[in-house]
Amino acid sequence: MKIATWNVNSLKVRLGHVLDWLAQSGVDVVCLQELKLTDDKFPTAELAAAGFASVFTGQKTYNGVAILVRDTLPIDNATVSKNIPGFEDPQQRVIAATVAGRRIVSAYFPNGQAPGTEKFAYKLQWLAALQVWITAELERYPELALLGDFNIAPEDRDVHDPKAWEGQNLVSPEERAAFAGLIALGFTDTFRLFEQPERAFSWWDYRMLGFRRNAGMRIDHILTSPALTPAVLSCHIDKVPRGWEQPSDHAPVTVELK
DNA sequence: ATGGCTTGCACCGCAAGA
């Protein structure tokens with residue numbers, strides 16, 4: 001089973017890329033973020049025609065997350081949950097579902113803007129709520145994968161220019177402490193289980209030729225729980241769609257599971 | 001040099017992303 005995460009930066013604009021990538025990547029489960037559309041605009045029929053069932057929660061203009069599941073795999077609609085229970089939030093950032101007995105969580109972590117701002121405070125509150133909820137979710141579903149746009153670069157090697165970024169949004173000590181909190185629950189950053197290229201990133205700024213210069217950050221992650229990690233066979237970032245015409249600024253990240 | 005692209009929304013400029 002191959003699982004993936006991809007911030008598509010508007011599913012309306014990127015539907016063609018998503019369909020192409022579904023066809024050529026061989027993925028079975030895809031977590032999407034930044035749909036930027038309301039549920040009535042979700043392209044359920046187009047994805048079904050491509051062989052994928054969808055669960056999603058969207059809103060106008062911003063945010064929105066989905067899980068696409070190859071229709072040969074069982075997905076029980078009764079297991080779908082949206083948002084973080086107990087954390088009141090109009091922003092649609094989390095959806096979870098159980099696929100073939102494995103809990104799949106698609107999350108779009110807040111950007112945070114900059115340390116000291118209201119948006120950064122919201123990010124830290126959201127991270128604290130996620131930590132509490134995912135702890136309970138782990139108890140209930142030992143085989144769990146947390147996939148998404150974390151908007152956190154865990155280490156300096158995940159940043160193209162760590163000196164220039166020191167202390168800034170995406171790399172601040174508070175954000176990295178929250179990431180470490182997830183690791184302390186037993187989660188594994190699957191990307192680092194394997195040998196990887198130097199300067200491997202999942203997001204590149206549209207501006208200043210970010211992709212061409214490989215001036216990026218690794219902020220999209222797939223974390224697996226202790227019971228699931230032994231099933232992880234590989235993890236890689238697929239840079240190919242980032243080079244397509246009118247791309248998302250994020251690349252998909254994939255994990256192959258036994 | 002706080003810009004630089006891209007998106008959505010609503011108008012012809014703005015907020016937001018990371």
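All values below come from the heavy atoms of this structure, side chains included, with hydrogens, waters and symmetry mates left out. Reminder, nothing fancy here: chain letters follow the sequence lines and each chain counts from 1. Nothing here was measured: the structure is a model prediction, and the numbers come from that model.
Rounded to whole Å, atom P of B/dT7 lies 11 Å from atom CD of A/Glu34. Atom CZ in A/Arg14 sits roughly 10 Å away from atom P in B/dT6 (whole-Å rounding). Between the C1' atom of B/dA16 and the CG atom of A/Asn151 lies a distance of 12 Å, rounded to the nearest Å. When the P atom of B/dT7 is taken as reference, atom NZ of A/Lys41 falls 17 Å away, rounded to whole Å. Here the C1' atom of nucleotide B/dG17 and the CH2 atom of A/Trp203 are 8 Å apart, to the nearest Å. Counting to the nearest Å, the P atom of B/dA16 and the CG atom of A/Asp249 are 17 Å from each other. One interatomic measurement links the two molecules: CZ of A/Phe109 to C1' of B/dG17, which rounds to 17 Å at whole-angstrom precision. The CD-P distance, from A/Gln168 to B/dT2, rounds to 14 Å in whole Å.
With distances taken from any side-chain atom of A/Lys60 to the nucleotides B/dT7, B/dA16, B/dC9, the minimum falls on B/dC9. Of the listed nucleotides (B/dG17, B/dT7, B/dC9), B/dC9 has the atom at the smallest distance from the side chain of A/Thr61. When distances run from any side-chain atom of A/Asn9 to the nucleotides B/dG17, B/dT7, B/dC9, the shortest one goes to B/dT7.
In the hydrophobic clustering, A/Trp203 connects to A/Val159, A/Trp165, A/Leu170, A/Val171, A/Met217, A/Ile219, either directly or through intervening members, whenever side-chain heavy atoms lie under 4.5 Å apart.
Across the C1' atoms, B/dC12 and B/dG8 are found 15 Å apart, a figure rounded to whole Å. Nucleotides B/dC9 and B/dG3 are separated by 23 Å at their C1' atoms, to the nearest Å. As rounded to the nearest Å, B/dG4 and B/dA16 have C1' atoms that lie 15 Å from one another. Only the C1' atoms considered, B/dT7 is 16 Å distant from B/dC11, to the nearest whole Å.
Electrostatic pairing of A/Arg176 and A/Asp158 does not count as a salt bridge here, judged by no charged N lying under 4.0 Å from a carboxylate O.
Between A/Leu257 and A/Ile3 the shortest side-chain heavy-atom distance falls below 4.5 Å.
Here the shortest heavy-atom pairing between A/Asn151 and A/Pro110 reads CB-O, 3.4 Å.
Between the side chain of A/Gln92 and the main chain of A/Phe56, no donor-acceptor pair closer than 3.5 Å is present.
In this model, the phosphate group of B/dC5 is not approached by any side-chain N or O of A/Gln246 to a distance below 4.0 Å at OP1 or OP2. In this model, the phosphate group of B/dG17 is approached by a side-chain N or O of A/Lys119 to a distance below 4.0 Å at OP1 or OP2.
Heavy atoms of A/Asn7 sit under 4.0 angstrom from primed sugar atoms or phosphate atoms, though from no base atom.
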